[in-house]
Protein chains: 2
Amino acid sequence: MSPTKEHIILTSFRLFLQKGYKEVTMNMLVKATGLSKGAFYHYFENKEQLFVETLDNLFFSISPFNNEMIINPEVSFFDYMQMYIDNIKKMAKTVSTYVGEESSGMGYYRLMLDVAHYAPDFHKKIDASNKYELAFWRKVVENGIRKGEVKEDLDVDILANHFQWLQDGVALNSIFSGDPDGLYSNLDKVFSQLYKIIKK
Amino acid sequence: MSPTKEHIILTSFRLFLQKGYKEVTMNMLVKATGLSKGAFYHYFENKEQLFVETLDNLFFSISPFNNEMIINPEVSFFDYMQMYIDNIKKMAKTVSTYVGEESSGMGYYRLMLDVAHYAPDFHKKIDASNKYELAFWRKVVENGIRKGEVKEDLDVDILANHFQWLQDGVALNSIFSGDPDGLYSNLDKVFSQLYKIIKK
DNA sequence: AATTTTATTCCGACCGTTCGGTCTGTTATT
DNA sequence: AATAACAGACCGAACGGTCGGAATAAAATT
């Protein structure tokens, strides 16, 4: 990909993440990139395609999962929990790298809503990502039960969902309360206590 | 308040809830109300003030709490949990009454983001509402512990937050997955299992 | 009670601005 | 010489908002 195009995409992503699709105008993008209208419409058909291509390149690369997250039967439930929190932390760092300092994580949710509205196809990708995350928790829970670390009279699906939902809720709340750092400490606290009561 | 103004506010709220602030144009509102530009700008200074006033009248009246939710020491933790779920259900029903059928609950979150952006003062109200909800859970948990229904070696604050975050996470997920009814069943499942493990 | 005056409510054509997008021309690359 | 990479003036449409006036209701005067 041409360096100019890459520059456009990165700058656009930053702005979309800060303000959302509708709030970002082409002239803002032109100004922010230091380029011209001509350059934009040379590389992209229209604003919507630019948005979609931007998402395709960067939005879905932000994921709390990496290669280390592949399930290893040796690793304990507790360690996976910590690993998960670390990855959330990394992901948040990645987002704030793109977005600079402003707008905290609010833009991330805004963008998810825009995705649902302007690029309904990507909605499936978000769905798939959620499914993947759920499958992760499912395996971790199963593993924990098999190893005798976690109580066995618990419904695996519900507990897997429990962790995922809890993470979503904490993230949502830390974003809306404007306390991005609360995400980690709160996640740590509530996960630890939950672990304490599901531990055999 | 004049019936016309009330009509404007209700119609506007419906549309804002469906599409978000920027996506709703004055002409759409004019058409939807069956009135005219003149009528709008007779009652409101500009679009933003209309938005703010609409929120003030309707958005903040939607709350999962009503008079029955005042803490009664006689009521068990379990019953409060059920009551809470019922109120969530009622709240969702209220929203869908306003919004008609479309747009599910996605619009609710979109509107919360718009609130944070266009009416930062209301951000405090959302905060206050969260604090209130948290205080509710806190009392319920304390009461549950005092009555010997809930394990006493649990941190009250964390557990109170736990329930609230969990609710947020389930709501967020059911909205994004486009399964509004999943909210109730999932909430029921995960709350029940959580209850099982915090029960003395 | 009838009539005039005043104020309110509402209409819709219209305004300036901004939006996404186009098009012609210039510069750099091959 | 030909093509790709940009620049930026420009366009029609749509935006939020204005304004003079018509319709209606309320108050005042006769």
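A, B, ... follow the sequence lines: proteins, then strands. Residue 1 opens every chain.
Residues A/Y195 and A/E149 bring a donor and an acceptor atom of their side chains to less than 3.5 Å of each other. No side-chain donor-acceptor contact under 3.5 Å links A/Y21 and B/E23. Checked by atom type, the side-chain pair A/D168/B/N173 shows a donor-acceptor distance below 3.5 Å.
Donor-acceptor pairing under 3.5 Å, judged by distance alone, is present between the side chain of A/K37 and the base of C/dG21.
Residue A/Q49 contributes atom CD, which lies 16 Å from atom P of C/dG20 at whole-angstrom precision. Put simply, CE on B/M26 is 14 Å from C1' on C/dG12, counting in whole angstrom units. In this structure, A/M28 atom CE and C/dC19 atom C1' are separated by 13 Å, rounded to whole Å. Between the NZ atom of A/K5 and the P atom of D/dA4 there is a distance of 15 Å, rounded to whole Å. Straight-line distance from the CG atom of A/N27 to the P atom of C/dT17: 15 Å, rounded to whole Å. Residue A/I8 contributes atom CD1, which lies 11 Å from atom C1' of D/dA5 at whole-angstrom precision. Following rounding to the nearest Å, B/L29 (CG) and C/dG12 (C1') show an atom-to-atom distance of 17 Å. In this structure, B/F51 places its CZ atom 13 Å from P of D/dG16, rounding to the nearest Å.
When each of B/T54, B/V24, B/L10 is paired with B/L15, the side chain to side chain contact (heavy atoms under 4.5 Å, CB included) condition holds for B/V24 and for no other.
Nucleic acid contact for B/T4: sugar-phosphate only, since backbone atoms but no base atoms lie under 4.0 Å from a heavy atom of the residue. Counting any heavy atom pair closer than 4.0 Å across all strands shown, B/V30 reaches no nucleic acid atom.
Taking only side-chain atoms of B/K47, from C-beta outward, the nucleotide of C/dG20, D/dC6, D/dG17 with the closest atom is D/dG17. The side chain of A/Y43 approaches D/dA5 more closely than any other nucleotide in the set C/dG21, D/dA5, D/dA7.
For D/dA5, one of the phosphate oxygens OP1 or OP2 lies less than 4.0 angstrom from a side-chain nitrogen or oxygen of A/H42. Phosphate proximity of D/dG17 to B/Y41: present, with a side-chain N or O under 4.0 Å from OP1 or OP2.
In this structure, A/F77 has its ring center under 6.0 Å from that of A/F163.
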